[in-house]
Amino acid sequence: MGRLIAYRLLQLPLILAIIYVLTFLLVWVAPGDPFAGEKNIDPAVVASLKATFHAESPWKFLAYYPIQIIGHLNFGQSMQYREWTVNDIIKSALPISVVLGLFAMVIATVVGIVVGTMAAVRRGGWIDWLSLTIALVGISVPSFVVAALLLMLSASSWLSGVFAVGRFERPIDLLLPGVALAMAPMAYIARLTRVSMLDVLSSDFVRTARAKGLSRSWVIWKHCLKNAILPVLSYLGPAAAYTLTGSFVVEKVFNIPGLGQHFVNSVLNRDRTLILGVVLVYSTFVLAFNLIVDLAYGLVDPRIDVGGAR
Amino acid sequence: MESPIRHSGIRRRLIGLFLALPPILFAPLCSSCDRRPDPAGAAVFRFINRGDIITLDLNQMSYVQDFRVTYAIREGLFSPTGVNFAPEPAGATSVDLSPDKRTYTFHLRPQAKWSNGDPVVAGDYVFSWKLMLDSPGEYTYLLHGIEGAHAYGDALAADEPADFESVGIKATDPHTLQVTLAKPITYFLDLIAFPPFYPRHEPSMRPFKEGRGYNSRYTRPPAVVTNGPFVLTDWQFKKRLRLDRNPNYWDAGNVKLSAIENVTNDNALSQYLQFEAGAVRYITEVPADVAPELRAQHKVGFSTCTAFGTFFLTLNCRPELPSGQKNPLNDTRVRQALALSIDKSFITENISRLGEPVASTYIPPGTLPGYTSLPGLGYDVKRAKQLLADAGFPEGRGFPKLPVLYNSDNSLRARVAQVLKQQWKQNLGIDFEIEGVEVKTFKERNSTKNYTISTVAWYGDYPDVSTFTDKYLSSSNQNDSDWQNPEYDGLLAQAASEADATKRFDLLRRAENMINMQVPIIPIFHYVNASMIDPSVEGMTINARSLINWKRVAIKN
């Protein structure tokens, strides 16, 4: 396992470098001028702005920013928001997005696994139908609809004072956005758990365990779940990426100053420095999460040798 | 078999972890959770400005939301705070104008102070205006009417030696500023009431010096020093700006509010919910997705006012289209036919639905005191068909299929483009295609004239006709239609050196009418500002240019 971690950590800078170069190419060839304002700007003004941002040519850009990033972890100044550096923006927005994302992940995983397991155990019963309904709604209703409904709920008179409506003031204000963001992965996790749980429940060792006199719930929650959870674990990597980068819509509806909106708006603004900064930060998170998921495989099922065969 | 005791230990630890997780997760956020308690009974005016604040750097500023905050924290020689938002003395107490109307001598207000207590002196104006030229931005051109300013800026841009002594901006003593213009400018006091002409405090900006200019971060608290009725005390990116009353302001006794909070929120639904919940008292621009509904429901606090801007189509007048084919729009008769065959009231009644005045002229009527436009082209399908036939396309036969460009983030423009396609087909028998592109691409296509017909808008910057008419000078960088007319250029040149305001308006009226009749653009409607103001707010008058006299705003108890 130590080898795996070392290997992945060595890979990380290389993968990030490739992501940086690819993103840079896309950003540079995209039509539209990052310095275009509301009106056509005088060429002298554009020239002076380009010089400020080392953006006269792709070579000047590449000669300046990557060194700043490697040497000082400095992503430079935002081309759109001239008072703020990319580091400022990431520092203020990332914690909010990470908490929102993790919050959604916790809700999605806990509720998804519990509902999925119960649906498998009571197959065909009302709870199975309920879980199917939740899954259908979670997967088919887009998050902006769920988010808008929850926003209106937070503004309703019997919840008045509990949440700051359309603002982020206290951590509790992330509760409803977290629920909105959790809907889709939760539904998916519930269905995954149910299917793989049904598979496990019919296996021989379950019958043996019950015959030995272990309680039903012990067998289900301890023995079966450990086996049934593998597909869910492998889904957690992509799910984490989804909740982190997919928070744009939810952030927009609830007016939360997270990183998700910069991920989209920076591209619309052609804010090259901000795009590259946000992409690198997100990539690091996704890579780290995938590593954690791989390590978790080994912990849940010792038969999987996560470090071997290399 | 494994011991159940060990399992329960794991379980307990897991449960413990889950319980501990939320506080651990939320801990890093709590630095931003502290809400500043407001002094007892003091009035904090919370409002939702249009979108994000892009920048508060006077050199870079061009968006209305940025100007709105600037009017609260900074002040120029004159401020747009008089009757009907006319300029009135602010940082200056009086001004003398030379007989040739070229030299303005401003006498500064001796009591005027910066927010740190330093006196505001003439040198602060010279510093700020010089900086506008040294590090040019979108509005630097407004200073080019000052003698020697344009040449100075050009020399700097070409890396040639430039001497600021040759520019007509002089501090003759700490409280006297003398400005010499190249030619008389009848609206010069309107210009100096506009933020690009406001003073800046050099000592507080010194740590931000970069090359010939300054890093825009000088505008952020706690470093920022300003001279307006309020001072920026807190700026949380994309979240809020807090403005507190400036105790050092010369007229602090007449400032009603103790604090202003500019809330960032660009979601229509949550804006509305916040207003209804009383969390904010003013929404400066109600989003177009919800405004017509609120208007139809006669919501309390909803109000509209004709804006200082026009929505129009710009027509590419070059002899050849971007594709290389011959451009039929190069023929004035074709452009007139297109203009005459649009039923604009259909658009305002069914699409925009805010009671916008249908436009037959470029300049919004009634927004400039003393100026009335000559009538433009109306809706006359018969004449349109005749003109099209005269141009060689009877019943639209032989007319190439041309694209109408719009920016796809704007649903109103998308729908207008569909209506145009349908109306031109029905009225003239011409087929158009519509093309939606993403907004930055849209701007680039317009400015590089890589379009045929495009849906655009223009808002005036300062209250004068020239803020509209200058756009269509042959030499103008803003002339997206590339319509070039020596007679038009001549009229504007004449107007620029005409010191008599009435005669000048006559010349500009003729020039504007050339635009309306020769149709480099087709005006569709004049914009309407839709805002929501809580009935508890006093001292706010909605107006065409969306100006606020922050000193006068108060909250009724």
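Labels below follow one simple rule: chain letters A, B, ... track the order of the sequence lines, proteins then strands, and each chain is numbered from 1.
If you measure heavy-atom distances from F208(B) to chain A, you find no contacts under 4.5 Å at all. If you measure heavy-atom distances from D154(B) to chain A, you find no contacts under 4.5 Å at all. Only the side chain of A155(A) comes within less than 4.5 Å of a heavy atom in chain B; its backbone stays farther off. Residue contact with chain A, scored on non-hydrogen atoms closer than 4.5 Å, is absent for L156(B). For A277(B), no part lies under 4.5 angstrom from a heavy atom of chain A. At a 4.5 Å heavy-atom cutoff, Y272(B) makes no contact with chain A through either its backbone or its side chain. E438(B) touches chain A through its side chain: at least one heavy atom from C-beta onward sits under 4.5 Å away, while N, CA, C and O do not. Heavy atoms of D134(B) lying under 4.5 Å from chain A are absent altogether. Of the atoms belonging to W235(B), heavy atoms from both backbone and side chain fall under 4.5 Å from chain A. Both the backbone and the side chain of T85(A) come within less than 4.5 Å of a heavy atom in chain B. Proximity to chain B is limited to the side chain of D88(A), based on heavy atoms less than 4.5 angstrom apart. At a 4.5 Å heavy-atom cutoff, I256(A) makes no contact with chain B through either its backbone or its side chain.
Taking the six-membered ring for Trp and the full ring otherwise, the centers of Y459(B) and Y527(B) sit less than 6.0 Å from each other. The ring of F237(B) has its center closer than 6.0 angstrom to the ring center of H262(A).
Between H150(B) and H144(B), the angle of the ring planes stays under 30°, which puts this pair in the parallel group of the 30/60° scheme.
Between chain B and the options R82(A), K39(A), K252(A), heavy-atom pairs under 4.5 Å are most frequent for K39(A). Of the listed residues (G153(B), S135(B), A157(B), S270(B)), the one with the most heavy-atom contacts under 4.5 Å to chain A is S270(B). Considering only heavy-atom pairs separated by less than 4.5 Å from chain A, the leading option among Q274(B), R212(B), Q271(B) is Q274(B). Per-residue heavy-atom pair counts under 4.5 Å with chain A were compared for T448(B), T140(B), T264(B), and the maximum is reached by T264(B). By number of non-hydrogen pairs under 4.5 angstrom with chain B, the leading residue of A47(A), P31(A), S154(A) is P31(A). Counting heavy-atom pairs under 4.5 Å between each of E210(B), E276(B), K443(B) and chain A puts K443(B) at the top. When the candidates L268(A), T52(A), D42(A) are compared by the number of heavy-atom contacts under 4.5 Å with chain B, L268(A) comes out ahead.
Side chains of R68(B) and N49(B): a donor-acceptor N/O pair is present below 3.5 angstrom, by distance only. Donor-acceptor pairing under 3.5 Å is recorded for the side chains of Y81(A) and D52(B). No donor-acceptor contact under 3.5 angstrom links the side chains of T314(B) and D480(B), judged on distance only. Side-chain atoms of Q77(A) and N215(B) include a donor-acceptor pair closer than 3.5 Å.
Atom-to-atom distance recorded for L241(B):CG and Q236(B):CD is 9.0 Å, nearest 0.5 angstrom.
Figure legend: cation-pi geometry between R220(B) and W84(A), with NZ or CZ positioned under 6.0 Å from the six-membered ring centre and within 45° of its axis. A cation-pi contact, defined as under 6.0 Å to the ring centre and within 45° of the axis, is absent between K226(A) and W221(A).
Checked for salt-bridge contact, R240(B) and E169(A) meet the test: a charged N lies under 4.0 Å from a carboxylate O.
Residue pairs satisfying the side chain to side chain donor-acceptor pair (under 3.5 Å) criterion with at least one member in residues 91-114 of chain A, sequence neighbours excluded, are listed as follows: S97(A)-E251(A).
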